[in-house]
Amino acid sequence: MKSLHIKNGRVMDPANHVDAVRDIFVVDGKISDTPPSVALEVIDATGMIVTPGLIDMHVHLREPGRSDKETIETGTRCAARGGFTSVVCMPNTSPVADNSGTIAFIKQRTAEVGCVNVFPTGAISKELKGEELAPIGSLKRVGVVAITDDGHCVQNNELMRRAVEYAKMFSLPVLDHCQDYNLVADGMMNEGYWSAVLGLHGWPVVGEDVIVARNILLAEQADWWIHCQHISSARSVELIREAKKRGVKISAEACPHHFTLTDECVKTYDTNFKMNPPLRTERDREALLEGLANGTINCIASDHAPHCTYEKEVEFDLAPFGIIGLETELALSLELVRKRLLPLSQLVEKLTLNPARLLGLKKGTLAPGADGDVTIINADREWTYDVEQSASSARNSPFHGWNLKGKAVMTIVGGKIVWREN
Amino acid sequence: MKSKSGWKRKDLLGIEDLSVDEINTVLDTAAAFKQVGKRTIKKVPSLRGKTLVNLFIEPSTRTRTSFELAAKRLSADVINITATASSIVKGETLKDTALNLQALHADIIVIRHSAAGAPHFLARLLKASVINAGDGAHEHPTQALLDAFTIREKKGRIEGLNVTILGDILYSRVARSNIWLLTKLGAHVTLAGPSTLVPRVFEQFGCRVTYDIEEAIRGADVINLLRIQHERQRKTMFPSIGEYTAMFGLSKDRFARTKPDAAIMHPGPINRGVEIDSEIADCGRSVILEQVTNGLAVRMAVLFLCSGGQALEP
């Protein structure tokens, strides 16, 4: 592996309070501030933004079990193209990642075919059923970075309480997909004007809000981290902001589709606008933007959820929830900076330092000695997203054909260039 | 009968995106076809050589029979497919079923489906005309057209009339299509029923929402009663059928307080003794069976227009 000299870029490294044009070096897979004596590949980053490698803390790689939707190989290639050097994968695989064997498999496949870092999460409950705790301690031992029943939500408050208390012992944050099953039932889209027009079952915001409120109370009692995944409602943002003021260990992420699109998009019944939680109203979207701006929402994640085309080419009621997002996430997020809703440094924090801190990853920094994970971004690059060219096995994106601005032009993992835009 | 323009669609997916002109074109053409139904020879050759498929993924008596008869009166060849007797029970997707029908050169597909948006999905996929015969809780356009036709026939107009739709609005495709159509044509639409089934969000459709049934029916020129859509409903929407009847059913007492010329409508199937007193369903002011008769003429008009036929005037 050649050492790298990334020259003349605007280095944006919030962990070290750096925002300056300077050179950085990657030597033996680590960040260095001094030029090595060995041969260098010089990368001209003039006019580019150089950040710590981006981290997407909410990704479905589908392996093991559904490698027709995505694999660790295709999913990580997709991440690399999107500028992500690390992804955190969800445990709703088959078998469920509620046992050491599945985690070991994911790690082994990543070592064999993964082109970015993959950090697995383990299940909260056995088989994601919400009935009994998964072997959380053993999962920690094989290297999970958090526990979550993502896609499912533990309905039993007592079990959730014990999960948080128990996970605290192992310093594992609990990531929760906030959904009350009785309130949501067979909800297909946001409950409101558009669900009334379209005759689709409503997924009310209160179905998210009550679980967010529960999580705040449980995090407060246990004095331990619960991270609310893909927050979509204005009231949830408000609840979290208020809890954070009290010092509750509550964390939250937002997805680009939730802060970019609204439920009106569903009006053509295009199943690429069907995700869980669903697209909400303009008012909710604005609240997410505000929550991102004021720090209430500390992370941005894609909830990259690949599905086969034939699975999505069905009646809206029958289509699976979810869209792919790794390749469009950065451009849609940079839009926040262009619209002056968020300074670039805060955006980079939400994509690097904040998820790294929450999950205890030694990532998200360009300090000398840190892992050589670097993303080089051309923030002005205009491009059109063509999902047929996606590195993912899946094609389920609502952003196909969108004209986007901002792109990762190089993704470096451990000193190795894994994506280079021509 | 003479022709006029005003219809350029190959599909009828809903009322929401129709213009007032388009609606009137269908109603006028239907009036012409209604005259045909009174002749000794009821058949016209308009769709001779065309194939119509009734693709009914959800049960239906009235609508399927009505479309079949309408197509036959227009001399089309008709195939009926129902979910239980099709390859859908073997796991075939709607897309594949539809592509197979297209491969057999079907010209018109009339679809009834429990999933909202299923006709839109087919229309994007197929060259054939797609007619929505009811999609989940979304729309039932030919029902709204036949209801409007019936109102126009009975009252001579639609504009300015007070129309009350009573019952399960939330899960009703008939309600949605009626709301769009009647408000476009200038009627004052009032929705009434239990608050759980008549959420305030419907005010954004240009209707009035009330939970006071007495007040809702008092000034109505037309009362359209809807069935409780058990098949689409969550279990928690109201306490019991008995309570529903007591609070919202059109009883003899309530009927006595309606305007003496208020027309009583119902899209069927009726649940006698639940949303409507059995005798009221059969009384002189009930136009329930006339709705069925008019449905035939309206569906003839829709099939004719969507196949490229020139709009007719009576």
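None of the values given here were measured: they were computed from a predicted structure. Letters go in sequence order (proteins before strands), and every chain restarts at 1.
- Across all their heavy atoms, Phe202(B) and Ala196(A) have their closest contact at CZ-CB, 4.3 Å.
- Of all non-hydrogen atoms in Ala116(B) and Gly199(A), the two that sit nearest each other are CB-O, 3.7 Å.
- With a 4.5 Å cut-off on non-hydrogen atoms, Thr268(A) touches chain B through its backbone and its side chain both.
- Interface summary for chain A: among Thr236(B), Ile179(B), Val201(B), the most heavy-atom pairs under 4.5 angstrom belong to Val201(B).
- Residue-environment remark: CZ (Arg235(A)) stays at or below the threshold of 12 foreign heavy atoms within 6.0 Å.
- Between atom CD of residue Glu311(A) and atom OG1 of residue Thr93(B) there is a gap of 12.0 Å, rounded to the nearest 0.5 Å.
- With a threshold of 4.5 angstrom between heavy atoms, Arg176(B) approaches chain A through side-chain atoms but not through N, CA, C or O.
- Residue Asp317(A) holds its CG atom at 8.5 Å from NE2 of His113(B), rounded to the nearest 0.5 Å.
- Heavy atoms of Asn182(A) lying under 4.5 Å from chain B are absent altogether.
- Using cut-offs of 30° and 60° on the angle between ring planes, the pair Tyr269(A) and His138(B) is perpendicular.
- Taking CD1 of Ile57(B) as the reference point, atom CD of Glu315(A) lies at 7.5 Å (rounded to 0.5 Å).
- To the nearest 0.5 angstrom, Glu16(B) atom CD is 7.5 Å from Leu198(A) atom CG.
- More than 12 non-hydrogen atoms from other residues, nucleotides or ligands lie less than 6.0 angstrom from CZ of Arg124(B).
- Taking 4.5 Å as the limit, some side-chain heavy atom of Tyr171(B) sits within range of a side-chain heavy atom of His201(A).
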